[in-house]
There are 2 protein chains.
Amino acid sequence: MAASAPETLTIVDAETVHVDAPAGHKAEIRLWLRLLTCTMTIETSIRRKLRERFDVTLPRFDLMAQLEKAPDGMTLGELSKRMMVSNGNLTGLVERLAAAKLVDSRASETDRRAQIVRLTAEGRAEFAAMAVEHESWVAEMMRGLSPGEVETLMRLLAKLKRSAHIALSADEKPAEGKNGAAS
Amino acid sequence: MAASAPETLTIVDAETVHVDAPAGHKAEIRLWLRLLTCTMTIETSIRRKLRERFDVTLPRFDLMAQLEKAPDGMTLGELSKRMMVSNGNLTGLVERLAAAKLVDSRASETDRRAQIVRLTAEGRAEFAAMAVEHESWVAEMMRGLSPGEVETLMRLLAKLKRSAHIALSADEKPAEGKNGAAS
DNA sequence: GAAAATTATTTTAAGCTTAAAATAATATGA
DNA sequence: TCATATTATTTTAAGCTTAAAATAATTTTC
């Protein structure tokens with residue numbers, strides 16, 4: 001069951017076996033590094049442009065982008081899940097954006113534990129301006145891909161995402177035992 | 001020439017046009033978000049496991065991984081370029097790893113500005129142990145992809161990387177003028 | 001062989017990020 | 001109802017990260 005044990009025995013030739021670690025997953029490691037490189041390259045460029053053009057940080061833009069999709073606001077927990085960052089991180093981020101009058105954060109009427117965060121009118125306008133350029137920057141960086149290639153990447157990355165989530169859930173519940181062995 | 005102007009007019013049907021921003025690059029934005037999600041999912045998992053199993057942070061692991069490929073050491077500038085992080089970032093990272101006796105940093109003999117960083121014997125041993133498990137974690141998360149799919153992703157991400165670099169260099173030199181208009 | 005330009009790194013100030021512990025409000029169950 | 005568990009967030013401590021300014025060494029140019 002341990003992830004470190006080579007359970008799936010892929011047949012490899014002798015060369016590959018003795019050069020690599022037990023199971024020889026070099027292709028996967030190279031793919032992971034390439035994925036990281038692509039993401040970092042694009043992200044670094046976007047970060048720089050957001051600062052130059054709008055004097056805003058990427059995390060702030062990302063937070064505003066989430067809120068823009070939720071006119072009725074969103075709790076911190078929801079934001080945390082969607083942005084894939086820690087809860088504590090958001091507390092500070094929201095505080096700073098609230099200080100800049102771009103978002104508004106207030107306790108929920110029905111559950112006083114929850115904070116509901118919304119874009120202010122100013123935040124919405126500011127985001128709209130940024131989003132237009134942001135979209136064109138991304139498109140420009142992907143200009144070398146054909147529509148078909150974009151489509152293929154979408155499909156394969158969706159598959160990778162599913163695959164990663166399966167691995168995730170597999171090691172987050174090392175022992176189950178209670179509700180039967182199903183699913 | 002501006003990245004924000006819709007230069008490449010892709011023919012789209014009326015529905016799509018009026019819903020989207022000027023040039024309608026929704027597919028590209030969605031691909032970018034998916035790329036980000038995949039990377040963050042895998043990275044978060046690796047970060048957690050490195051901490052649990054080896055009590056080490058991801059940036060430290062990444063730095064050691066770079067040094068492992070350079071037995072004769074590497075300058076900070078070289079590390080900065082390869083890891084795609086800022087120069088100042090590395091100063092602190094190397095200091096902390098040096099304090100832990102995992103790397104060794106000393107001024108170059110031939111250029112006293114440059115610091116040359118190397119893994120210590122202890123660092124090399126520590127990294128070797130981590131690398132084995134790291135490789136299997138990554139492979140596990142990619143288990144749902146066939147070898148052919150891994151190959152296709154490699155190829156298309158390489159293309160995306162090139163495309164992004166072209167866009168990068170296009171706006172890093174807004175005016176050239178000196179060495180002729182060639183290339 | 002100096003002045004000027006370049007290169008490599010460090011410092012600084014601010015902000016981002018995480019994991020873990022603490023706080024506070026709600027839900028659950030005897 | 002009251003104790004217990006759960007949920008949502010904040011706080012804390014440490015470390016990561018960046019951009020920009022400062023420092024220091026080397027190279028270029030006259």
Side-chain angles (χ1 to χ4, degrees), chain A residues 36 39-41 43-64 73-100 102-103 105-117 172, chain B residues 36 39-40 43-64 73-100 102-103 105-117 172 178:
Chain A
L36 208 47
T39 300
M40 286 288 282
T41 301
E43 187 172 294
T44 300
S45 168
I46 292 175
R47 189 190 303 278
R48 203 194 80 238
K49 292 184 181 192
L50 280 174
R51 178 176 297 268
E52 286 175 0
R53 285 282 295 131
F54 299 103
D55 193 33
V56 75
T57 65
L58 182 53
R60 288 178 195 201
F61 176 83
D62 286 344
L63 175 37
M64 292 173 81
M74 214 184 271
T75 64
L76 286 183
E78 189 79 13
L79 275 169
S80 170
K81 240 178 291 177
R82 300 213 191 194
M83 297 176 66
M84 298 198 276
V85 302
S86 68
N87 238 319
N89 190 355
L90 278 177
T91 297
L93 201 47
V94 166
E95 269 169 10
R96 288 184 293 269
L97 276 170
L102 295 170
V103 309
S105 178
R106 66 181 57 176
S108 160
E109 297 287 331
T110 61
D111 183 345
R112 271 174 300 176
R113 288 170 303 182
Q115 287 294 111
I116 294 185
V117 191
E172 258 156 21
Chain B
L36 206 50
T39 300
M40 285 289 282
E43 186 173 297
T44 299
S45 167
I46 291 175
R47 188 190 305 278
R48 202 192 81 237
K49 291 184 182 190
L50 280 174
R51 176 177 297 268
E52 286 175 0
R53 282 283 294 132
F54 299 104
D55 194 32
V56 76
T57 65
L58 182 53
R60 290 180 193 200
F61 176 82
D62 285 343
L63 174 37
M64 293 172 81
M74 215 183 271
T75 64
L76 285 183
E78 188 79 15
L79 275 170
S80 169
K81 238 177 294 176
R82 299 211 191 197
M83 294 175 68
M84 299 198 275
V85 301
S86 69
N87 239 318
N89 190 354
L90 277 176
T91 298
L93 203 46
V94 166
E95 269 169 9
R96 289 184 292 268
L97 275 169
L102 294 170
V103 308
S105 177
R106 65 181 59 176
S108 161
E109 297 287 333
T110 62
D111 183 344
R112 270 175 299 175
R113 288 171 302 182
Q115 287 293 112
I116 296 185
V117 191
E172 258 156 20
K178 210 61 167 292

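Fair warning: this is a prediction, and the values are worked out from it, not measured in the lab. Chain letters run A, B, ... following the sequence lines, proteins first, then strands; residues in each count from 1. The figures here come from the full heavy-atom set of this structure, side chains too, leaving out hydrogens, waters and symmetry mates.
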Task: Among dT17(D), dT11(C), dG15(C), the nucleotide that comes nearest once only the side chain of Glu95(B) is considered - done: dT11(C)

Open item on the list: If you only use heavy atoms from C-beta on, which nucleotide in dT10(D), dT17(C), dT9(C) is closest to the side chain of Ser86(A)?
Closed with: dT17(C)

Open item on the list: Heavy atoms only, 4.0 Å cut-off, all strands: where does Gly88(A) land among base, sugar-phosphate and nothing?
Closed with: base

TODO: Using a 4.0 Å heavy-atom cut-off across all strands, classify Asp111(B) as base, sugar-phosphate, or nothing.
DONE: sugar-phosphate

Gap between atoms [atom1] and [atom2], on [X] and [N] respectively (whole Å):
| X | N | atom1 | atom2 | value |
| --- | --- | --- | --- | --- |
| Asp55(B) | dG15(D) | CG | C1' | 13 Å |
| Glu52(B) | dT18(C) | CD | C1' | 13 Å |
| Arg60(B) | dT17(D) | CZ | C1' | 14 Å |
| Arg51(A) | dA20(D) | CZ | P | 6 Å |
| Met84(B) | dC16(D) | CE | P | 18 Å |
| Gln115(A) | dT9(D) | CD | P | 7 Å |
| Arg113(A) | dT10(D) | CZ | C1' | 14 Å |
| Leu93(B) | dT17(D) | CG | P | 7 Å |

Return no unless some side-chain N or O of [X] is found under 4.0 Å from OP1 or OP2 of [N].
| X | N | value |
| --- | --- | --- |
| Arg112(A) | dT26(C) | yes |
| Asn89(A) | dT18(C) | yes |
| Thr57(B) | dT18(C) | no |
| Arg47(A) | dA19(D) | no |

- [ ] Look only at the side chain of Thr44(A) and the backbone of Met40(A), and say whether a donor-acceptor pair between them is shorter than 3.5 Å.
- [x] yes

- [ ] Measure the spacing between CZ of Arg82(B) and CG of Asp62(B) and express it to the nearest 0.5 Å.
- [x] 14.0 Å

Task: Close side-chain approach of Arg60(A) and Leu93(A), heavy atoms under 4.5 Å - done: yes

- [ ] Side-chain contact test, heavy atoms from C-beta onward, threshold under 4.5 Å: evaluate it for Leu90(A) versus Met83(A) and give yes or no.
- [x] yes

Task: 5' precedence on DNA chain D between Met40(A) and Thr91(A) (nearest-nucleotide basis) - done: Thr91(A)

Task: More than 12 heavy atoms from other groups under 6.0 Å of CD on Glu52(A) - done: yes

